[in-house]
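Have a look at the structure below before the remarks.
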Amino acid sequence: MTLSHTWDLSPAKARILQEELRGQVVHDDLTTGPPARVAGIDIGFERNGSVTRAAAVVLGCPGLDVLDTAIARRPTRFPYVPGLLSFRECPAALAALEGLTASADALVCDGQGYAHPRRFGLACHLGLLTSLPSIGVAKSRLIGVHEPVPDKKGAWVPLRDGGETIGAVLRTRKRVKPVFVSVGYGFTLARAVELVLALTPRYRLPETTRQAHRLASG
DNA sequence: GCGACAG
DNA sequence: ATCTTGTCGC
């Protein structure tokens with residue numbers, strides 16, 4: 001079964017495709033114990049936005065040492081539309097992930113997973129296409145409501161939408177704005193939160209995204 | 001019609 | 001995301 005599809009489509013068609021693909025996402029825990037190798041991906045733009053640059057890294061756990069890195073560039077073909085981020089970032093992201101030599105047990109994405117209008121954010125899309133257990137860690141909210149998060153590292157409150165828990169608002173550092181965690185593919189919310197905490201010994205964002213970001217910038 | 005709106 | 005330096009606070 002080949003899941004790959006075209007990236008040359010309209011926003012309207014993209015939304016319809018999300019509705020079709022959402023049913024193929026696995027929500028059971030496909031993790032085989034604590035991940036020993038975790039991949040991270042981050043996207044940036046060059047040439048006035050005409051080129052999308054993706055950086056991927058693989059870190060060993062729990063040491064968080066960099067085991068492998070890869071960078072890929074692709075022409076930017078899709079605009080930024082809230083709710084359709086994956087159509088803009090996946091082409092370059094998939095290319096970077098394919099460039100990795102080291103295999104990974106899990107993938108941490110920079111954006112939402114299940115916490116999405118159609119429950120199919122970037123992390124779900126990338127996880128489905130790569131068959132890698134994945135989660136989304138976003139710096140801000142796309143949808144959902146939540147109570148205040150206690151100001152203590154590790155504290156979290158459910159992110160909800162229409163009575164359903166779609167993610168977790170997690171405090172990775174005391175006195176620092178919380179992050180939005182949601183499952184992507186083959187993950188449970190509890191395990192997703194667990195993984196994020198294992199990747200944030202010191203900073204707000206997961207070490208995977210930080211390493212991918214610095215690799216793509218300086 | 002008026003906001004909200006991952007990166 | 002990106003354009004950009006110093007600066008306030010722990």
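Given the structure is predicted, the values throughout are model-derived calculations rather than measurements. The chains referred to below are lettered A, B, ... by the order of the sequence lines, with proteins before strands, and numbering in each begins at 1.
- Side-chain atoms of A:Arg141 lie closest to B:dA4 of the nucleotides B:dA4, B:dA6, C:dA1.
- The CG-C1' distance, from A:Leu142 to B:dA4, rounds to 9 Å in whole Å.
- Within a 6.0 Å radius of NZ in A:Lys174, other residues, nucleotides and ligands contribute more than 12 heavy atoms.
- Relative to the ring axis of A:Tyr203, A:Arg210 places its NZ or CZ within 45° and under 6.0 Å from the centre.
- Put simply, CZ on A:Phe45 is 9 Å from P on C:dA1, counting in whole angstrom units.
- Stacking between A:Tyr80 and B:dG7 is shown: the ring centroid lies under 5.5 Å from the centre of the six-membered base ring, and the planes differ by under 30°.
- Looking at DNA chain C, no stem turns up: there is no run of 3 or more consecutive Watson-Crick or G-U wobble pairs with key distances under 3.5 Å.
- Against DNA chain B, the stretch residues 187-211 of chain A makes no heavy-atom approach under 4.0 Å.
- Residue-level contact check: A:Gly121 touches the bases, meaning some heavy atom is under 4.0 Å from a base atom.
- Counting heavy atoms from C-beta outward, A:Pro117 and A:Asp161 have side chains that stay 4.5 Å or more apart.
- Within the nucleic acid shown, A:Ile41 has no heavy atom closer than 4.0 Å to any nucleic acid atom.
- For A:Ser140, a side-chain nitrogen or oxygen approaches OP1 or OP2 of B:dG7 to under 4.0 Å.
- Scanning residues 126-136 of chain A for heavy-atom distances under 4.0 Å to DNA chain C yields an empty list.
- The existence of a salt bridge linking A:Arg77 and A:Asp8 is excluded, since no basic side-chain nitrogen approaches an acidic carboxylate oxygen closer than 4.0 Å.
- For the pair A:Glu46 CD and C:dT2 P, the computed distance is 9 Å after rounding to whole Å.
- Nearest heavy atoms, A:Asp68 versus A:Thr101: OD2-N, 2.5 Å.
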| Stepwise side chain to side chain contact (heavy atoms under 4.5 Å, CB included) test for A:Phe87 and A:Trp7 | CA-CA 6 Å; A:Phe87 292 90; A:Trp7 297 105; 3.9 Å; yes
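- Within the nucleic acid shown, A:Asp110 comes within 4.0 Å of sugar-phosphate atoms alone, with no base atom in reach, counting heavy atoms only.
- Residue A:Lys174 is classed as having no contact, given no heavy-atom separation below 4.0 Å to the nucleic acid.
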| Between A:Thr31 and A:Asp29, does a side chain to side chain donor-acceptor pair (under 3.5 Å) hold up when you go through it step by step? | CA-CA 5 Å; A:Thr31 290; A:Asp29 184 10; 3.2 Å; yes
| request: Take A:Leu126 and A:Cys90 through the test side chain to side chain contact (heavy atoms under 4.5 Å, CB included) and record every step on the way to the result. | output: CA-CA 7 Å; A:Leu126 276 179; A:Cys90 278; 3.7 Å; yes
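- Ring geometry for A:Phe120 against A:His125 counts as tilted: the plane angle lies between 30° and 60°, on a 0 to 90° scale.
- Put simply, the side chain of A:Thr165 does not reach to within 4.5 Å of the side chain of A:Leu159, judged on heavy atoms.
- Within the nucleic acid shown, A:Leu122 comes within 4.0 Å of at least one base atom, counting heavy atoms only.
- Within the 4.5 Å cutoff, the side chain of A:Leu189 has no heavy atoms near those of the A:Pro158 side chain.
- Rounded to whole Å, atom P of C:dA1 lies 9 Å from atom CD of A:Glu89.
- Counting only heavy atoms from C-beta outward, the side chains of A:Thr32 and A:Asp105 never approach each other to under 4.5 Å.
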